[in-house]
Amino acid sequence: MSELKPMSDNTPESAERRRVIGGLAAAAAGLAIAPGIKLIEVAQARPEEQGASSAVRWGMLVDATKCATGCDDCVSACSTENGWTPVAESAKPRQAPQWIRKLELQDPLTQMETNLPMMCQHCAEPPCVDVCPTGASFKRADGIVLVNRHTCIGCRYCMMACPYKARSLVHEPLNDTQKADVPRGVGCVESCSLCVQKVDRGDGTTACAEACSAAGHNAIVFGDLNDPDSEISKRLRELPTKQVRADLKLNTGVRYHGI
Amino acid sequence: MASITFREVEGSSLKYWLLLGGLGLFVLFGALSWNYMHHHGHVVSGMDNQIVWGLPHVFAVFLIVAASGALNVASIASVFNKPLYKPLAPLSAILALALMLGGLLVLVLDLGRSDRLIVAMTNFNFKSMFTWNVFLYSGFFALVGVYLWTMLDRNVKTYSKTAGTAAFIWRLLLTTGTGSLFGFLVARELYGSAMLAPMFIIMSFAYGLAIYLMVLVAAYAWSGRTLGDAVMMRLKSLLAVFVAAVLYFVVVHHLTNLYFTKYHAVEAFILRDGGIFTTLFWVGQIVIGGVVPLVILLSGLGRQRAWILVACALVILGGVAQMYVTIIGAQAYPLDMFPGLDETSSFFDGEIHAYAPSVPEFFLGLGGVAIALLVTTFAVKVLRLLPASLDDATVAKLEH
Ligand code: SF4
Ligand code: SF4
């Protein structure tokens, strides 16, 4: 496998090859979902020597002006892709995990309403990673912030530290909602992974962005912030965007327009 | 200097065994609670994805802070060389160890994956305050352990001052570390202050001493030994100074916050609009934990032993209230991601979060307290920690 080119290599040929290998690995993951297996490696669906590259920085642009009131297609797509139960279906909504949620904002003075999806902002300087005692919270070279569910001890310190309330503790044993390539577990913390399984498979998009385009809103653009020719970089150059709680200087990977 | 005879507590009376059994029962309840929460997950607790640190953290942090404070008496004896405190030092050290053990157990057993303790001991992230605390806590056990040894074993007595000084410095670091666990949380409005670390230190002085005094009086009363007024009055005055200092720090902390506009909303929440948290702050932390004990200790009431004990109990209750307000109040107050805008979502953004602790959480916390007292009760029986008598005549000789 060592002849494989690194992730930063964007030739169509290598993308194709990655897709095939990713598919095989995903199938293998389906077979291998037994306790004790190193699920996190399987989930990454890539050989270790071909790690995430810092030449890439995955990120998102959310255009709040296009985000439709009452639509939560991104939320249900995320829940389906990653296997967490939608909050509306949960018996204990306050304890239910949420990876992404629709946030409705209103200016009490002007009555102006805005709505937008909120999820892990994939901070370049993530406080969750700083405070995690075991190093279970980590940032990949390509900017994706993940939780290693083999070393997470469920101390929830990262949840205290995240300014975006992006993380959830899994409060109860999971039934059959698990997805083969998205390992989850009771007592561990989880959050938006930027659909790392899809990214590593070479899909080049996330479930929420896909669903948003499918619904015709196109409010979410996913892509490589480091690549000046990517769609997201082009749009970011044109549109004025903001980071949520920019005062904390976390350099978030998710940027918002229209807030 | 007059010499003092230390003697083990007999520990064969029915009363002793009842005490041991009673504490053991609470330890058992604690263990069962942990088992229940561990088996079903945190879903059976009152905690949720808004309030992630609940009542067990209140107990755990209180015990850890009090542990460091319980070492006060020993520190005064050896670091500041006050002979009156020397005979009181061994109990102080053992109490510090026992409280620390109780607090850590609660903390660890409340983890989402308490079965992964070994992971926490083998994977470290040195940017994390939590990791530093793991070392601070283990170091505390080691240093106070050695210190206790130098007090109990004549052969190493000469090292007592060195060991005591090391333990003293360490416990200051430790409480700073515990305070910083919160101070490092950039996102939580209530914690954005450098005052937390020094405030936690002074709180530890008060809580630790209050617990120490109650244990000391109980140990002497129940083992039929004499505890003179000289010791009581000295420790009582010390407690009054600490309680007053805590009040002072709390006032300065809130006044500083009120100076900065960005903290006005969270201050209004704690001080005025926070419901249970406001009540716990004013009634629990300020009145019960501060003002009333101070009045008792400084007035004529403070000359009666029973009233001193009441003051101690109130200081302890106030301390638990303070931890509740600090830990849970800060989480109940919603994160403000979009200042000036009202936020709503399916994840309860923009609203005050409610928290009702469940029975297992309560018993897990009490289990930690029980372990601490059980260890102390057992230690006074097997080790020579308590002077046979602390009557006024014996104590008076020490000072000459
Ligand atoms: S948004 Fe929260 S969970 Fe995500 S990287 Fe930043 S601090 Fe961590
Ligand atoms: S809950 Fe898990 S990921 Fe979060 S800080 Fe603790 S160990 Fe790290």
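All values derive from a computational prediction rather than experimental measurement. Labels below follow one simple rule: chain letters A, B, ... track the order of the sequence lines, proteins then strands, and each chain is numbered from 1.
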Do other residues, nucleotides or ligands put more than 12 heavy atoms under 6.0 Å from [X] [atom1]?
| X | atom1 | value |
| --- | --- | --- |
| B:Tyr259 | OH | no |
| B:Lys127 | NZ | no |
| B:Phe124 | CZ | yes |

Shortest non-hydrogen contact between A:Cys162 and B:Leu335, atoms and distance:
O-CD1, 3.7 Å
Measure across A:Lys165 and B:Asp349 and return the closest heavy-atom pair with its distance rounded to 0.1 Å.
NZ-N, 4.0 Å
Per-residue contact mode, [X] against chain B (heavy atom under 4.5 angstrom):
| X | result |
| --- | --- |
| A:Leu109 | neither |
| A:Leu250 | neither |
| A:Val170 | neither |
| A:Val87 | side chain |
| A:Leu248 | side chain |

Options [options], ranked by heavy-atom pairs under 4.5 Å with chain B, top entry:
| options | answer |
| --- | --- |
| A:Val75, A:Val186, A:Asp130, A:Val189 | A:Asp130 |
| A:Ala136, A:Ala161, A:Ser168, A:Ser137 | A:Ser168 |
| A:Cys132, A:Gly135, A:Pro127 | A:Cys132 |
| A:Asp107, A:Thr134, A:Asn115 | A:Thr134 |

One option among B:Leu107, B:Val43, B:Asp48 has the most heavy-atom pairs under 4.5 Å with chain A, and it is B:Val43
With only heavy atoms counted, which part of [X] is less than 4.5 Å from chain A, the side chain, the backbone, both or neither?
| X | answer |
| --- | --- |
| B:Met121 | neither |
| B:Asn133 | neither |
| B:Leu111 | both |

Looking at [Y], is its backbone amide N or carbonyl O close enough to the side chain of [X] to form a donor-acceptor pair, meaning the two atoms are under 3.5 Å apart?
| X | Y | value |
| --- | --- | --- |
| B:Asn49 | A:Leu169 | yes |
| B:Thr131 | A:Pro133 | yes |
| B:Asp342 | A:Pro108 | no |
| B:Arg116 | A:Cys152 | yes |

Side-chain contact test, heavy atoms from C-beta onward, threshold under 4.5 Å: evaluate it for [X] versus [Y] and give yes or no.
| X | Y | answer |
| --- | --- | --- |
| B:Leu181 | A:Tyr157 | yes |
| A:Leu105 | B:Met337 | no |
| A:Thr114 | B:Phe338 | no |
| A:Met160 | B:His57 | no |
| A:Met118 | B:Glu343 | no |
| A:Val131 | B:Phe130 | no |

Derivation and outcome, side chain to side chain contact (heavy atoms under 4.5 Å, CB included), residues A:His150 and B:Asn123:
CA-CA 11 Å; A:His150 294 285; B:Asn123 292 268; over 6 Å; no
Within residues 92-101 of chain A, contacts to chain B at heavy-atom distances under 4.5 Å involve A:Lys92, A:Pro93, A:Arg94, A:Gln95, A:Ala96, A:Pro97, A:Gln98, A:Arg101
Working to the nearest 0.5 angstrom, can you tell me the gap between A:Glu104 CD and B:Leu341 CG?
13.0 Å
Give the intermediate values and the outcome of side chain to side chain contact (heavy atoms under 4.5 Å, CB included) for residues A:Cys188 and B:Arg113.
CA-CA 7 Å; A:Cys188 290; B:Arg113 295 297 305 252; 4.0 Å; yes
